[in-house]
Protein chains: 2
Amino acid sequence: MTRQQLKYKRKSVVNRKNALIDATLSLIASKGIKGATVRAIAQHANVTQGLIRYYFNTKEQLITAAYRHHMGRLTQVTFAPLNSMPEEGPATRLATFVASGLVPPVVDPGSLSVWASFINKVQNDKTMRETHRETYFEFRDCLEMLIREALVEAGKPASEEGLRQLAIATNAVIDGLWLEGGALPDAFERGELAVIGVRSVSAIIGIDLPEGKSDK
Amino acid sequence: MTRQQLKYKRKSVVNRKNALIDATLSLIASKGIKGATVRAIAQHANVTQGLIRYYFNTKEQLITAAYRHHMGRLTQVTFAPLNSMPEEGPATRLATFVASGLVPPVVDPGSLSVWASFINKVQNDKTMRETHRETYFEFRDCLEMLIREALVEAGKPASEEGLRQLAIATNAVIDGLWLEGGALPDAFERGELAVIGVRSVSAIIGIDLPEGKSDK
DNA sequence: CAATTGATTATACAAGTGTATAAAAATTGG
DNA sequence: CCAATTTTTATACACTTGTATAATCAATTG
C-alpha cells in the first residue's frame, strides 16, 4: 500500500525560511492576520503544510520571525539612502532621511496592514515588544542626531530636552504621513507626502531643508 | 427530560447591543482580534453565546458595529472640547483641538490596538472603508477650517493648496503622536505629547498657539 | 551505485470556530 | 392569572485551526 507522493525540490534552509516568511507577510498584507493560516501559508509558498513545522517549531515562531523580517526591511529601506550619501551636509541628509520613509515601498497599504496586524502581539509578547522598542528608538535617535547636526550647522544649537522633543515631533510627522498614505492610498498625489514631510520637518526645527529631492 | 436552565434578566435591545459591542472592543483592545471569539465575547458580556446571533445576524455585523462605535467615540471625545468653547479665538480653538486628541482616552494602547485590528478589514470591506474615509476627512476638514481661521486672524491667509497641505501635515502630527503614545506608553511623560503636538502645529502653520492648556 | 541522512509529503487528531435550532424562561396583554 | 410573544439558554454540527507522526522521496557520501 504505497502512497503516491508529489515530486519536489529540496531547498536550502534560509531559502525555505525566507519563502515561508515572505508567504506569511504577503498573506497578512492582503488578508490580515486571520488569512495567515498554516495551510494558506504553505499553499502560497508551494509546499505542504507539514513543512512549516519542520522549519519552525511552532506557528508563533514563524510569526515572530516574519515580524522581525518586516521591521528589518522597513529600517533597511529607510536607512539605505542615508548611508549612500555620507559626504552630504546635515540638512540634505536629514531631508533625504525624512523623504525616504514617505515613498513606496515603505508607504504602502500592505506594509501598514502588516504593521497593524502585529501591534497587538507587540503589546502582549515581551520579545516582540523589545523588537518594536528598538526599532522605534533606532529611528528616533537617528533623527535626533541628524537634527542636532543640522542645527549646529545653522548656528542654532538646541538643548538636550529641546532635541528630544524635536525628534519626537519629527518622527511623528513621518509616522503620521506614513500611516495616512498607507490607509488612504488614493487620497494623495505621488510624492506629495514626501514633500509635505520635508516641509513640515523644516518648519518644526526651524531650518530650510532642500525639498526637491532629485529623482536622478 | 427537562433541562435546568439558568435564570436571567431581559434587557432592552440597545442595552444588549451596546454591552456586546463593549465586550467586543474590550477583548480586541486587550487580546487582539483573535481574542474576540463569540464565546469570549458572550462570557465577557455575561450571556451565553447563542444570544449574539439573536442581536446580530452574523459575527461580521457585530464586528462592523463595534468598529463604527469605536471610531464614533474617538471622534466624539476629540470634538467635544472644541464644541464647548465656540466663543474662543481661532488659535485657541485649534490648539485645543490638537491637544484633545493627544491625551487619554484617545491616546491609549487599547485604543490603538482596536484601530490596528480593524485596518485590514477597512482595506478589504467596502462599508468599513467608507466609514474610515469619512472619519479621516471629517478630522482633516475640521483642521483645515481651524487653520484657515487662525491664518486669517494672523493676517497670513494661505492658498487652497497651501491649506490642504497644512491640514495634511497637522493631521499627520496628531496621528503620529497618537500612534507613538499608544504603542509606547512608557516612553513619554504625561501631557508631553499634547505639548509637543501644539508646538509642532504652531511651527508648521507659522502661528503662535497657546500652549498651556489650563487643566482647570 | 548503494546506503544513509535529511527534506518533504500525506494523513490523522483534538481543540476551537461560527452558525443553527429547539427548549426554557421572562415578559406582556387580555 | 393564563395565553402569547419575545428573549435567553442549551445543545448540536460542520468546518477550520494548529499540531503530531509516519511514509516517501531527494540528495549526499563513501
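Letters A, B, ... mirror the listed sequences (proteins, then strands); counts begin at 1.
- Contacts of A:R16 with the nucleic acid, taken as non-hydrogen atoms under 4.0 Å apart, involve only primed sugar atoms and P, OP1 or OP2.
- If you check distances only, the side chain of A:R39 does reach the base of D:dG18 with a donor-acceptor pair under 3.5 Å.
- Going from atom CD of B:Q43 over to atom P of C:dG16 covers 13 Å, rounded to whole Å.
- Considering only heavy atoms from C-beta on, A:L193 stays 4.5 Å or farther from A:E180 through its side chain.
- Atom CG in A:L51 sits about 12 Å away from atom C1' in C:dG6, given to the nearest Å.
- Here the nucleotide nearest the side chain of B:K59, chosen from C:dG18, C:dT8, D:dT7, is C:dG18.
- Between A:I52 and A:V38, the shortest heavy-atom contact is CD1-O, 3.3 Å.
- A:I41 places its CD1 atom 7 Å from the P atom of D:dG18, with the value rounded to the nearest Å.
- Note: CZ (A:F56) to P (D:dA20) measures 16 Å, nearest angstrom.
- The distance from atom NZ of B:K11 to atom P of C:dA25 is 19 Å, rounded to the nearest whole Å.
- The interatomic distance linking B:K17 (NZ) with D:dT6 (C1') rounds to 15 Å, in whole Å.
- Closest to the B:R53 side chain, of the nucleotides C:dT8, D:dT8, C:dA20, is C:dA20.
- Residues B:V106 and B:W178 come closest through the heavy atom pair O-NE1, 2.8 Å.
- For B:Q49 and B:Y54, each mapped to the nucleotide of DNA chain D holding its nearest heavy atom, the one lying further toward the 5' end belongs to B:Y54.
- Contact between B:I204 and A:S200 at its shortest, heavy atoms only, is CD1-CB, 3.9 Å.
- Mapping A:K34 and A:V47 onto DNA chain C by nearest heavy atom places A:V47 at the nucleotide closer to the 5' end.
- Between B:T58 and the phosphate of C:dT19, there is a side-chain N or O to OP1/OP2 separation shorter than 4.0 Å.
- The separation between B:I52 atom CD1 and D:dA10 atom P is 15 Å, rounded to whole Å.
- Rounded to an integer number of Å, the gap from CG of A:L62 to C1' of D:dT19 is 14 Å.
- A:Y55 comes within 4.0 angstrom of sugar-phosphate atoms only, judged by non-hydrogen atoms across all strands, and of no base.
- Taking the six-membered ring for Trp and thresholds of 30 and 60 degrees, A:F97 and A:F139 have ring planes inclined between 30 and 60 degrees apart.
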